[in-house]
**Q** 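Sharing a structure below in C-alpha cells format, with a few things to ask.
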Amino acid sequence: ASTYNILCKGYGVARKPQEAQRVLEAMAKGRPPWLATTGSAAPEGAAVAFRASPGLRPTLRTYNTVINSWCEEGGIHEARKLMAAMRAAGVSPDEVTFNTLIKAYAKLGQPDNAERLVREMENAYLRPNERTFAILTSCLVEAGQMDRAREIVAHMGARGLRPNSYVFNALIKGYARALSPDGVNEVLDAMAAAGVPADVTTYGLIMDAWSSAGRVGDARDTIERMRGAGVAPDLQAWSVLAKGYVRAGRPAEAEKVLAEMEAAGVPPNIVTFTTVISGWCSAGRMEDAERLLTTMVDRAVEPNSLTHKTLVWGYAEAQMPRQAEERLQAMENAGFRPE
RNA sequence: GGCUCAUGAAGUG
C-alpha cells in the first residue's frame, strides 16, 4: 500500500510528461473517484501507479504525493482540482496537503495567494505548522516583503509555535541578500535567545550573500565566526568562500581555499573546482585554468558540462579561438552537447 | 513506527 505511494513519488520526481489523459481513459473500472473529476491530465507515471492495483483506493498520502508532483510542475490548478476531488472522495486534506499547495504559490512568487491559502487552511480547522510558516516566510522574503515576513514570524507565538531554523534562516536570507549585517545580526541574536542554534546553512547563507557581492573579507569573517561557534564548514560553505575570492578577482586565493578545505577534511568537488577554474578564466589566466583542470582530473574529479562550458567561454574571452575550438571538441568527445 | 510538504554552492542564455 505504501509501495504504491512510493511509486507515485518516483514518477513525480521523474517529472513525467503528460500523455496521461490517454492512460487515464484507458483505465479499467475501479478507477479512483478523482480520475473522473479531474478533467485534465495527471502526471503519467502516477496514473500508471493507480492503475496497478485496481482494488486499492488512494490514501491521504497518495493524494498528497500526486498533488506534490503537480505542484512541482507548477500545475497549481490541477493540484487544486485534485484537492477538491479528494474531498469528494471522502478524504480530508491535511496540513501536508496545504503546505504542498502553499509551496506551489511560493514557487510562483505569489505571496498573496500563499497567505490566502493559509487562511483557507485555518478555515478547514487545520493548524499551520512550522513548515507552513517556513514556506510562507521564505515566499515573502523572496518577494522582498521583509516587514511582512517579520510580522508573520512574530505571529507564530500566538499560534503556539516557535520559529525553527528554517524560519530563521529564511529571514536571514532576506537580510543577507540585502547586505544588511544589522538585520542578520538581529536575527542571529533572536535565534540565540530562542535557543535555536545557527547551523551550517545559516552561515552558508550569509557567506553566500557576501561572496556573491564580492565582499570576500566579510565572507571570510563569517566562516571564522562559524568555526568559532563550533559549526564545521561543509562542502557548500567552502565552495561559497572560494566563490567569494573569484568574484573579488582573486583567483590565486580562491585556489588556496582548495587546500584549506582539504586540510579541514572536506575535499573539493566538481562545483568547487569549476568555481575556481572560472576565476582563472575571468582573469584571462587560461594556463592556470588548465593546470587546475589537470589537478582536478588527477584527483579523479571529472569535468562536467559546466566545467567545459566555462573553459570554452574563457578561451573565447581571451581571444583564443583555436583553443576554444579544442575545448569544444573535448566537450563533445566527453559526451556533452554544446549549446 | 515507516511511506507525502520547508532553508545555503559553479559563468549565472
Side-chain angles (χ1 to χ4, degrees), chain A residues 1-10 12-13 46 58-72 79 93-104 106-107 114 121 128-139 141-142 163-174 176-177 198-212 219 222 226 233-244 246-247 254 257 261 266 268-282 289 303-314 316-317 339:
Chain A
S2 67
T3 315
Y4 196 62
N5 293 347
I6 292 168
L7 248 182
C8 288
K9 169 159 181 124
V13 168
T59 65
L60 172 61
R61 291 190 195 263
T62 320
Y63 280 112
N64 285 344
T65 303
V66 178
I67 285 174
N68 185 51
S69 76
W70 272 121
C71 289
E72 295 289 341
D94 68 350
E95 293 85 352
V96 172
T97 319
F98 276 97
N99 286 348
T100 303
L101 285 159
I102 293 166
K103 179 191 65 172
K107 285 177 83 136
M121 183 175 181
N129 59 24
E130 287 87 351
R131 287 192 188 224
T132 316
F133 281 97
I135 296 165
L136 191 54
T137 305
S138 165
C139 178
V141 166
E142 296 289 342
N164 62 13
S165 66
Y166 291 90
V167 173
F168 281 123
N169 285 348
L171 290 176
I172 286 199
K173 184 177 184 175
R177 284 196 326 197
D199 58 21
V200 66
T201 299
T202 313
Y203 290 108
L205 215 45
I206 299 167
M207 287 175 63
D208 189 37
W210 293 127
S211 284
S212 297
T222 304
M226 158 168 36
D234 64 2
L235 182 56
Q236 289 196 45
W238 285 113
S239 299
V240 166
L241 182 65
K243 179 175 72 174
V246 167
R247 295 277 230 263
V257 172
M261 64 195 285
V266 184
N269 72 352
I270 184 61
V271 173
T272 329
F273 277 111
T274 302
T275 299
V276 179
I277 288 171
S278 82
W280 287 121
C281 291
S282 296
N304 64 16
S305 67
L306 202 46
T307 318
H308 287 291
K309 192 171 162 182
T310 300
L311 285 160
V312 172
W313 169 85
E317 200 67 14
E339 299 149 23

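Below, chains carry the letters A, B, ... as their sequence lines are ordered, and counting in each starts from 1. Everything numeric in this text was worked out from a predicted model, so none of it was measured.
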**Q** Name the closest nucleotide to the A134(A) side chain, picking from A10(B), G8(B), A6(B).
**A** A6(B)
**Q** Classify V240(A) by what it touches in the nucleic acid, base, sugar-phosphate, or nothing, heavy-atom distance under 4.0 Å.
**A** sugar-phosphate
**Q** If the cut-off is 4.0 Å, is K173(A) near the phosphate of U7(B), judged by side-chain N/O to OP1 or OP2?
**A** no
**Q** Check the distance between A9(B)'s C1' and W210(A)'s CH2 and give it to me in whole angstrom.
**A** 18 Å
**Q** Just checking V246(A): base, sugar-phosphate only, or nothing, at a heavy-atom cut-off of under 4.0 Å?
**A** nothing
**Q** Figure out the CG/P separation between L171(A) and G8(B), and round it to whole Å.
**A** 14 Å
**Q** Over all strands shown, is S211(A) touching base, sugar-phosphate only, or nothing at heavy-atom distances under 4.0 angstrom?
**A** nothing
**Q** List the atom of G204(A), the atom of V240(A), and the distance in Å for their closest heavy-atom pair.
**A** O-CG1, 4.4 Å
**Q** Side chain of N64(A) only, please: which of U7(B), U4(B), A6(B) is the nearest?
**A** U4(B)
**Q** Heavy atoms only, 4.0 Å cut-off, all strands: where does N269(A) land among base, sugar-phosphate and nothing?
**A** base
**Q** Among A6(B), A10(B), U4(B), which is the nearest nucleotide to the side chain of N68(A)?
**A** U4(B)
**Q** What is the distance, rounded to the nearest whole Å, between atom CG of N129(A) and atom C1' of U4(B)?
**A** 13 Å
**Q** Quick one: label N304(A) by what it contacts on the DNA or RNA (base, sugar-phosphate, nothing), any heavy atom closer than 4.0 Å.
**A** base
**Q** Could you walk me through whether L60(A) and T97(A) satisfy the side chain to side chain contact (heavy atoms under 4.5 Å, CB included) test, starting with their C-alpha distance in whole Å, then the side-chain angles of each, then the deciding distance to 0.1 Å, before giving a yes or no?
**A** CA-CA 9 Å; L60(A) 172 61; T97(A) 319; 4.1 Å; yes
**Q** Determine whether the side chains of D199(A) and T202(A) contain a donor N or O and an acceptor N or O closer than 3.5 Å.
**A** yes
**Q** Mind calculating the distance between CG (L241(A)) and P (G8(B)) to the nearest angstrom?
**A** 19 Å
**Q** Nearest to the Q236(A) side chain among C5(B), A9(B), A10(B), which nucleotide is it?
**A** A9(B)
**Q** With a 4.5 Å cut-off on side-chain heavy atoms, are V246(A) and S278(A) touching?
**A** yes
**Q** Would you check, one step at a time, whether the test side chain to side chain contact (heavy atoms under 4.5 Å, CB included) holds for K173(A) with E142(A)?
**A** CA-CA 9 Å; K173(A) 184 177 184 175; E142(A) 296 289 342; 2.9 Å; yes
**Q** Contact class for S239(A) (heavy atom, under 4.0 Å): base, sugar-phosphate, or nothing?
**A** base
**Q** Measuring from the side chain of L205(A) (C-beta onward, heavy atoms only), which nucleotide among A6(B), A10(B), U7(B) has the closest atom?
**A** U7(B)
**Q** Taking only the P atom of each, what is the distance from G13(B) to A9(B) in whole angstrom?
**A** 16 Å
**Q** Nearest-Å distance, CG (D94(A)) to P (A6(B))?
**A** 14 Å
**Q** Nearest of A10(B), A6(B), C5(B) to any side-chain atom of Y166(A)?
**A** A6(B)
**Q** Looking at N169(A) and G8(B), is any side-chain donor or acceptor paired with a base atom of the opposite kind under 3.5 Å?
**A** no
**Q** Counting only side-chain heavy atoms from C-beta out, which of G8(B), A10(B), C5(B) sits nearest to V200(A)?
**A** G8(B)
**Q** Quick one: label A176(A) by what it contacts on the DNA or RNA (base, sugar-phosphate, nothing), any heavy atom closer than 4.0 Å.
**A** nothing
**Q** Check the distance between U7(B)'s P and R177(A)'s CZ and give it to me in whole angstrom.
**A** 14 Å
**Q** Hey, are the side chains of E339(A) and K309(A) touching, using non-hydrogen atoms and a 4.5 Å cut-off?
**A** yes
**Q** Can you measure F98(A) atom CZ to U4(B) atom C1' for me and round it to whole angstrom units?
**A** 15 Å
**Q** Calculate the interatomic distance between E95(A) atom CD and U4(B) atom C1'; express it in whole Å.
**A** 13 Å
**Q** Using a 4.0 Å heavy-atom cut-off across all strands, classify T100(A) as base, sugar-phosphate, or nothing.
**A** sugar-phosphate
